[in-house]
There are 2 protein chains.
Amino acid sequence: MRQAENHLVRSLPLFANVSEKHFDELMSTAFLQRFPQGITLIREGDLPDFLHIVVEGSVELFASHDAHETVLDILKPMTTFILAAVIRDEVYLKSARTLSAAQILMIPAQAVRDVFDQDPAFARALVNELAARYRCVVRALKDEKLRNSTERLANWILQEDAHQGNKHQIALGIDKRTLASRLGMTPENLSRNLAQLSKHGVVNSGHDFIIEDIDALRSFAKPNSLIDQ
Amino acid sequence: MRQAENHLVRSLPLFANVSEKHFDELMSTAFLQRFPQGITLIREGDLPDFLHIVVEGSVELFASHDAHETVLDILKPMTTFILAAVIRDEVYLKSARTLSAAQILMIPAQAVRDVFDQDPAFARALVNELAARYRCVVRALKDEKLRNSTERLANWILQEDAHQGNKHQIALGIDKRTLASRLGMTPENLSRNLAQLSKHGVVNSGHDFIIEDIDALRSFAKPNSLIDQ
DNA sequence: CGTCACTTTGATGCTGATCAAAAATGGTGG
DNA sequence: CCACCATTTTTGATCAGCATCAAAGTGACG
């Protein structure tokens with residue numbers, strides 16, 4: 001792994017207070033690997049070999065059952081995934097594939113468990129990370145069960161605007177098909193929902209969404225700090 | 001706390017390898033409290049004071065938004081809850097209320113965090129428990145997104161039969177209103193879904209469900225080890 | 001300027017929620 | 001033991017949300 005990325009990884013909260021020795025132990029066996037778009041990184045049902053961290057690009061977590069598939073999350077840098085499976089050494093419950101070209105840091109699962117037992121700072125950081133991931137899933141479940149698809153879209157727009165610096169102009173970055181899947185709706189429905197939101201201050205301009213009346217959007221979306229991040 | 005319960009708690013995986021000293025430290029500040037049915041134990045949005053463990057009875061986790069409420073989980077002994085909020089010292093994302101009279105062990109949040117930092121065995125056990133809880137939520141999210149309500153009911157019956165010893169006769173224990181809520185459907189729909197399942201080997205006899213043809217039920221339910229426990 | 005992929009629009013059907021009412025169940029007191 | 005009442009459960013009718021299939025529109029790019 002090159003110096004630049006090493007430094008980037010070192011600065012992650014997960015490794016913040018880990019001793020130099022243990023950080024080196026983790027990194028000495030780790031790979032930083034580039035993948036093209038559309039590659040399946042892990043498959044549900046397999047046993048975990050590595051803890052994965054998205055360093056660049058984006059990754060989609062999904063699951064299948066009886067010829068149906070659903071997107072459970074979309075990850076951007078710097079996020080760990082399949083931490084719970086690594087800790088328990090049990091099969092993955094989700095699959096993962098790259099949504100764009102991506103760089104993934106892969107740390108052998110056994111090394112993660114070993115350093116966890118030796119380094120209290122790493123243990124603390126890891127449990128914090130896992131708790132954070134847990135809370136994300138709970139938020140996703142609440143979003144799914146307590147809102148309809150138009151409300152999910154409206155809140156996604158508000159959140160994304162905040163992430164992109166409250167410019168009231170949101171660059172999509174992904175195609176609408178993927179966004180639809182992320183939001184738990186079909187592309188057709190996303191289209192119709194966007195049409196709905198024009199009544200609530202949102203305009204769809206090519207690959208951007210523009211918020212023309214944020215108060216109207218807020219009052220429709222009813223954002224909730226116990227669901228949205 | 002009485003000796004009997006102390007022993008029960010001591011034998012939980014969470015405390016299995018914790019030193020006597022640290023176990024006593026946790027227990028010395030803990031309460032074992034009885035609650036009647038229908039008591040709200042925690043409210044979403046509040047900050048955590050205690051880690052909770054269901055010792056007896058059952059507890060419902062739920063969340064509300066915009067005049068809607070949804071049941072996220074039903075807990076039986078011995079299960080921890082709100083572990084993630086305790087670890088991160090952040091507000092609860094769910095509320096909890098007793099579904100029956102219940103006994104709850106409450107360990108001060110600060111004690112949990114302190115012992116975590118001092119006792120590697122407790123740290124290991126706690127991260128294992130949190131990972132297990134994480135995987136439960138992921139399973140719930142998949143169940144919700146990948147199955148319709150009849151399939152959820154069919155799989156619940158299969159699981160409950162296994163828990164109750166494969167007698168092919170399942171005692172409900174809770175009223176159908178609560179079961180419906182647990183399974184993410186209205187009582188009306190539960191009733192209709194049960195009628196549907198009579199085509200697939202399930203008979204509804206008073207407060208019991210009877211599986212008359214488990215192969216038919218299995219073939220309809222399509223149980224999946226990556227969704228069901 | 002034509003092709004191909006993506007997106008939108010239209011028509012239709014399924015799933016599950018809601019409201020209303022009937023039926024079944026269970027407990028209580030005469 | 002039975003009649004009565006309250007509660008739970010079931011049944012029926014209707015409606016909203018979302019998926020699906022089909023077709024038309026749009027835009028990027030060779």
Side-chain angles (χ1 to χ4, degrees), chain A residues 37-38 64-71 99-100 143-157 170-200 202-210 220-222, chain B residues 37-38 64-71 99-100 143-157 170-200 202-210 220-222:
Chain A
Q37 191 231 47
S64 305
H65 170 70
D66 191 29
H68 286 266
E69 183 177 302
T70 186
V71 175
L99 269 181
S100 63
D143 194 38
E144 184 71 30
K145 290 186 83 170
L146 290 167
R147 284 178 173 149
N148 66 26
S149 62
T150 319
E151 290 170 337
R152 288 201 298 277
L153 173 61
N155 282 288
W156 181 87
I157 292 174
I170 294 117
L172 275 184
I174 52 180
D175 63 15
K176 287 186 178 169
R177 168 175 305 275
T178 308
L179 176 60
S181 183
R182 154 64 221 275
L183 291 171
M185 61 187 83
T186 56
E188 292 95 324
N189 236 300
L190 173 58
S191 185
R192 282 183 245 268
N193 284 329
L194 275 168
Q196 285 289 315
L197 289 188
S198 68
K199 293 185 216 144
H200 303 283
V202 176
V203 171
N204 177 8
S205 149
H207 285 233
D208 287 359
F209 294 161
I210 295 167
F220 172 80
K222 298 180 223 85
Chain B
Q37 189 230 47
S64 306
H65 170 71
D66 191 29
H68 286 266
E69 184 178 300
T70 188
V71 175
L99 270 182
S100 64
D143 194 38
E144 183 72 29
K145 290 186 83 170
L146 289 167
R147 284 178 174 149
N148 66 25
S149 62
T150 319
E151 290 170 335
R152 287 201 299 277
L153 173 60
N155 282 288
W156 181 87
I157 292 174
I170 294 118
L172 275 183
I174 51 180
D175 63 15
K176 288 187 177 167
R177 168 177 303 277
T178 308
L179 176 60
S181 183
R182 155 65 221 274
L183 291 171
M185 62 187 82
T186 56
E188 293 95 325
N189 238 300
L190 173 59
S191 185
R192 282 183 246 266
N193 284 329
L194 275 169
Q196 285 289 317
L197 288 188
S198 67
K199 293 185 216 143
H200 303 283
V202 177
V203 171
N204 177 6
S205 148
H207 284 231
D208 288 359
F209 294 161
I210 295 168
F220 173 79
K222 298 181 222 82

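The sequence lines fix the lettering, A, B, ..., with proteins before strands; numbering per chain opens at 1.
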Atom-to-atom span, [atom1] of [X] to [atom2] of [N] - whole angstrom:
X: B/N148; N: C/dA17; atom1: CG; atom2: P; result: 11 Å
X: B/L153; N: C/dG16; atom1: CG; atom2: P; result: 11 Å
X: B/E69; N: C/dA17; atom1: CD; atom2: P; result: 15 Å
X: B/R147; N: C/dG16; atom1: CZ; atom2: C1'; result: 18 Å

Go through the steps to decide whether A/V203 and A/F209 satisfy the test side-chain contact (heavy atoms from CB on, under 4.5 Å), and finish with yes or no. CA-CA 6 Å; A/V203 171; A/F209 294 161; over 6 Å; no
Is there a donor-acceptor contact under 3.5 Å from the side chain of [X] to the main chain of [Y]?
X: A/K145; Y: B/E144; result: no
X: A/S205; Y: A/D208; result: no
X: A/R152; Y: A/G184; result: yes

Please work out whether the ring planes of A/F220 and A/H200 are parallel, tilted or perpendicular, with thresholds of 30° and 60°.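 Plane angle under 30°, so parallel.
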Atom pairs under 3.5 Å: protein N/O with N/O of nucleotides 6-10 of chain C:
unit_1	atom_1	unit_2	atom_2	d
C/dT7	OP1	A/K176	N	3.2
C/dT8	OP1	A/K176	NZ	3.0
C/dT8	OP1	A/N204	ND2	3.0
C/dT8	OP2	A/S191	OG	3.3
C/dT8	O5'	A/S191	OG	3.0
C/dG10	N7	A/R192	NH1	3.1
C/dG10	O6	A/R192	NH2	3.1

Taking all non-hydrogen atoms of both residues, which atom of A/T150 and which atom of A/N193 are closest, and how far apart?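 Reported closest heavy-atom pair: OG1-OD1, 2.8 Å.
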So which heavy atom on B/A154 is nearest to which on B/A221, and how close?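 Heavy atoms of B/A154 and B/A221 come nearest at CB-CB, 3.7 Å.
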So do B/L153 and B/M185 actually touch side chain to side chain, heavy atoms under 4.5 Å?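 Side-chain contact under 4.5 Å: yes.
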Can you find a pair of side-chain heavy atoms, one from B/E69 and one from B/S64, that are under 4.5 Å apart? yes
Can you name the atoms? Protein N/O to nucleotides 12-14 of chain C N/O, anything below 3.5 Å, with the distance.
none

Measure the spacing between OG of B/S149 and CD of B/Q196 and express it to the nearest 0.5 Å. 9.0 Å
Steps toward side-chain contact (heavy atoms from CB on, under 4.5 Å) verdict (A/L197, A/I157): CA-CA 10 Å; A/L197 289 188; A/I157 292 174; 3.8 Å; yes
Distance test, side-chain N/O of B/T186 to OP1/OP2 of C/dG16, below 4.0 Å: no
Nucleotide interval of DNA chain D bounded by contacts with chain B (heavy-atom cut-off, under 4.0 Å): D/dT9 to D/dA13
